[in-house]
Colleague: 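Before I ask anything, let me first share the structure, which is written out below as structure tokens.
So that the names make sense, note that chain A is the first sequence line, chain B the second, and so on, each numbered from 1.
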Amino acid sequence: MSTAITHEEEHHEDLTGWRRWVFATNHKDIGTMYLWFSFAMFLLGGAFALVIRAELFVPGLQLVEPDFFNQMTTMHGLIMVFGAVMPATVGMANWMVPLMIGAPDMALPRMNNWSFWILPFAFSLLVSTFFMEGGAPAFGWTFYAPLSTTFAPSTTDFFIFGVHLMGFSSIMGSINIIATILNLRAPGMTLMKLPLFVWTWLITAFLLIAVMPVLAGAVTMMLMDRNFGTSFFDAAGGGDPVLFQHVFWFFGHPEVYIMILPAFGIVSQIIPTFARKPLFGYASMVYAVAAIAFLSFIVWAHHMFAVGMPVAGELYFMYATTLIAIPTGVKVFNWVATMWRGAMTFETPMLFAIAFVVLFTIGGLSGLMLGVAPADKQYHDTYFVVAHFHYVLVTGAVFALMAGTYYWLPKWTGYMYDERLGKIHFWISTISVNVLFFPMHFSGLAGMPRRIPDYAVQFADWNFLSSVGGFVFGFSQLLFFYIVIKAIRGGEPATNRVWEGAEGLEWTLSSPPPHHSFTVPPEVR
Amino acid sequence: MIHQQKSQRKIVVQSLLVVVLMFGFGFALVPMYNVFCDVFGINGKTGIEATAMAEPTVVDEERWINVEFVTTLNQSMPWHFKPTVKKIRVHPGQTTTVDFLAENLSESEMVGQAIPSVSPGWAANYFKKTECFCFNHQPLAAGESKEMGVRFFIDPDIPSKVTTLTLSYTFFDVTEKAKAKSNKKDELVKVATN
């Protein structure tokens with residue numbers, strides 16, 4: 001069995017130059033492409049964010065037209081969610097899942113190639129709308145009808161097909177990950193021995209195949225309303241715009257867990273390594289992730305408390321939402337308990353992971369506030385919401401991705417990154433990201449609405465601070481870029497295990513691992 | 001190896017099945033949403049046309065219910081649209097006709113579609129229309145005006161706590177959609193006669 005695979009794989013190794021990447025079937029190559037693609041999108045979406053922060057530096061309209069501002073907020077959200085965070089987590093899964101479970105590659109390598117190479121086309125479609133008459137989508141990343149149907153420019157159809165393609169990519173990627181984890185585990189690697197990152201990705205993949213088709217359905221209905229005379233969301237024809245919000249958030253709420261669950265997984269790998277203790281409460285971590293995933297399907301309307309729901313509905317969605325705090329609390333508790341009395345050291349990945357635990361918890365608590373229906377009436381569509389989801393997504397998902405990058409970079413490249421620069425990157429990022437987002441809690445509670453290019457002068461001070469933090473945070477990511485490039489080009493060679501406390505199959509391989517690893521399945525005790 | 005490929009295929013097929021089902025589920029949310037709205041009376045939709053046969057013979061003369069009429073034009077549609085009476089008192093079970101006046105103030109032919117809504121929403125199902133201008137598109141030539149009726153009764157089973165119902169109509173401009181539809185029909189006719 002293993003010899004057959006080896007022969008086939010050796011054949012592929014002949015590919016060099018551009019063919020190696022375009023025809024890639026190797027999980028490491030595809031993972032690398034995913035990661036670089038997501039980093040490019042991170043910089044693009046970040047550039048859009050800086051346009052927003054520049055416009056909001058002081059009250060009044062100075063740099064951009066309001067319509068272009070709306071295009072910036074919309075495209076920033078779409079690019080960051082679908083282009084930066086999601087592909088980055090898929091990239092890490094591609095790289096690490098086979099190494100962690102002792103598999104020779106992903107289960108379906110050709111489909112893997114396809115799911116990556118769809119992405120550049122999807123995002124070209126999306127970004128090309130900037131150069132068309134009517135401009136890019138300007139209706140917010142949530143593309144509520146009728147803004148995205150009756151009142152949207154014709155370029156919206158490009159957006160719709162772009163979303164369809166992203167959906168295909170995610171679904172194929174997920175099926176691949178599910179097949180890999182369920183089928184290609186090394187002998188002895190039982191489900192309850194899986195590293196937490198693998199577990200979180202298995203559950204994320206199930207979430208993806210369950211909700212990406214619903215998103216595809218939502219944009220298909222939009223497409224039909226726009227071009228084929230149906231009235232799914234058009235009140236004049238008997239439809240209902242509120243229906244759009246239900247369909248969208250049925251996708252949208254699991255989507256936020258799709259972005260954060262892999263981050264939980266990464267952090268659950270890193271903290272035990274640098275605390276030099278096994279993860280506290282492994283089984284409860286697995287069940288907590290599963291519970292969060294299940295709850296994510298039945299809480300969607302907490303995004304819609306302001307649409308005029310019956311009180312019974314508001315109460316149900318409020319209670320169900322606050323219930324999520326329990327499994328999430330279990331996770332935070334377990335991370336802290338893992339660190340408790342551990343022999344901790346504070347290398348850059350650990351710093352990012354600890355910052356994740358603290359700052360994600362802040363985002364979780366503001367989420368709890370937003371989940372309380374009567375209070376949400378005050379916070380709805382203000383900067384408080386913006387502060388909330390940036391704490392969970394930037395200092396949550398993105399920080400975990402950075403932690404994961406520093407953690408696995410020596411394994412990927414074979415060289416240690418520059419620890420001093422990594423720490424500088426961490427401290428600049430962590431301080432500036434709080435200067436950027438923490439004041440938004442205050443401007444939001446004071447009533448500043450989101451997605452508006454101008455604001456009342458009373459919000460000027462907090463916005464000034466946010467913008468300063470935004471620019472520092474944005475440009476400090478160039479340092480991250482430099483550190484990664486530097487580690488790729490050389491440095492102190494990394495040992496196999498890299499970190500003193502690292503446990504798991506991936507650390508038994510050389511750094512960098514051979515192009516084809518675990519062609520003979522390892523034995524797991 | 002063969003065994004592995006087989007179970008691989010099984011996983012892929014099962015996953016694809018989930019994908020297809022969930023795509024269908026997205027569309028199934030549409031009728032589900034309508035059923036939910038109907039059952040819980042969420043957005044004041046008055047449901048489908050009640051047949052004239054269903055008109056009750058029993059009139060509850062003990063009770064009076066105020067029925068108020070509200071009219072709205074969507075997106076500053078250039079029409080004039082008002083009820084002939086703002087408010088009437090009826091007995092549950094009593095069939096009544098109320099006229100609304102619409103006038104096209106623009107200089108071209110337009111097609112309007114009225115969408116009704118009843119509040120309180122949870123009582124919407126007790127409000128029954130047997131005839132209504134809202135069942136059809138309403139074409140009006142430039143400057144044309146038209147009296148349009150709605151014939152309704154209130155279900156005698158309506159809970160006693162209801163003393164006032166408000167019927168609201170919003171007129172939507174559907175000229176473009178109606179044109180597109182009739183063009184398609186014309187084409188079909190042409191194809192058929194050819």
Colleague: Quick one: what part of F27(B) sits under 4.5 Å from any heavy atom of chain A, side chain, backbone, both or neither?
Modeller: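 F27(B) touches chain A through backbone and side-chain heavy atoms alike.
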Colleague: With a 4.5 angstrom heavy-atom cut-off, which part of D234(A) approaches chain B: side chain, backbone, both or neither?
Modeller: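 For D234(A), the contact with chain B is made by the side chain alone.
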Colleague: Could you check whether the rings of H303(A) and H253(A) sit parallel, tilted or perpendicular, using 30° and 60° as the cut-offs?
Modeller: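 The arrangement is tilted - the two ring planes meet at 30° to 60°.
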Colleague: Between F317(A) and W300(A), is the ring centre distance below 6.0 Å?
Modeller: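 Yes, the ring centres sit under 6.0 Å apart.
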Colleague: Which one, V242(A), I178(A), N176(A), I209(A), leads in non-hydrogen pairs under 4.5 Å with chain B?
Modeller: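 The residue among V242(A), I178(A), N176(A), I209(A) with the greatest pair count is I209(A).
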Colleague: Do F251(A) and F248(A) have ring centroids that are under 6.0 Å from one another?
Modeller: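 Under 6.0 Å, so yes.
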Colleague: Please classify the contact of I115(B) with chain A as side chain, backbone, both or neither, using a heavy-atom distance under 4.5 Å.
Modeller: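 Contact with chain A: side chain only.
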Colleague: Given that the side chain runs from C-beta out, which part of F151(A) has a heavy atom under 4.5 Å from chain B: side chain, backbone, both or neither?
Modeller: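 Just the side chain, heavy atoms under 4.5 Å.
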Colleague: Which bit of L243(A) comes within less than 4.5 Å of chain B, counting heavy atoms only: side chain, backbone, both or neither?
Modeller: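 Both parts, heavy atoms under 4.5 Å.
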Colleague: So F133(B) and F100(B), would you call those rings parallel, tilted or perpendicular, with 30° and 60° as cut-offs?
Modeller: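 Answer is tilted, since the angle falls between 30° and 60°.
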Colleague: If you tally heavy-atom pairs under 4.5 Å against chain B, which of G237(A), A236(A), A312(A), G217(A) wins?
Modeller: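 Sorted descending by pairs with chain B, the first entry is A236(A).
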Colleague: Pick one of side chain, backbone, both or neither for A235(A), based on which atoms fall under 4.5 Å of a heavy atom in chain B.
Modeller: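 Both backbone and side chain.
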Colleague: Indicate yes or no: does E314(A) engage K377(A) in a salt bridge with an N to O separation below 4.0 Å.
Modeller: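 A salt bridge links E314(A) with K377(A).
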Colleague: Count the heavy-atom pairs under 4.5 Å between each of A114(B), G112(B), G24(B), S15(B) and chain A, then report the option with the highest count.
Modeller: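 Top count of heavy-atom pairs under 4.5 Å with chain A: S15(B).
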Colleague: Should F82(A) and L215(A) count as side-chain neighbours, where that means a heavy-atom distance under 4.5 Å?
Modeller: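 In short, these two side chains touch, coming nearer than 4.5 Å.
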Colleague: Are the aromatic rings of Y144(A) and F139(A) close, with centres under 6.0 Å apart?
Modeller: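 Here the rings of F139(A) and Y144(A) have centres that are no less than 6.0 Å from each other.
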Colleague: Is it the backbone or the side chain of V174(B) that comes under 4.5 Å from a heavy atom of chain A, or both, or neither?
Modeller: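 Only the side chain of V174(B) comes within 4.5 Å of chain A.
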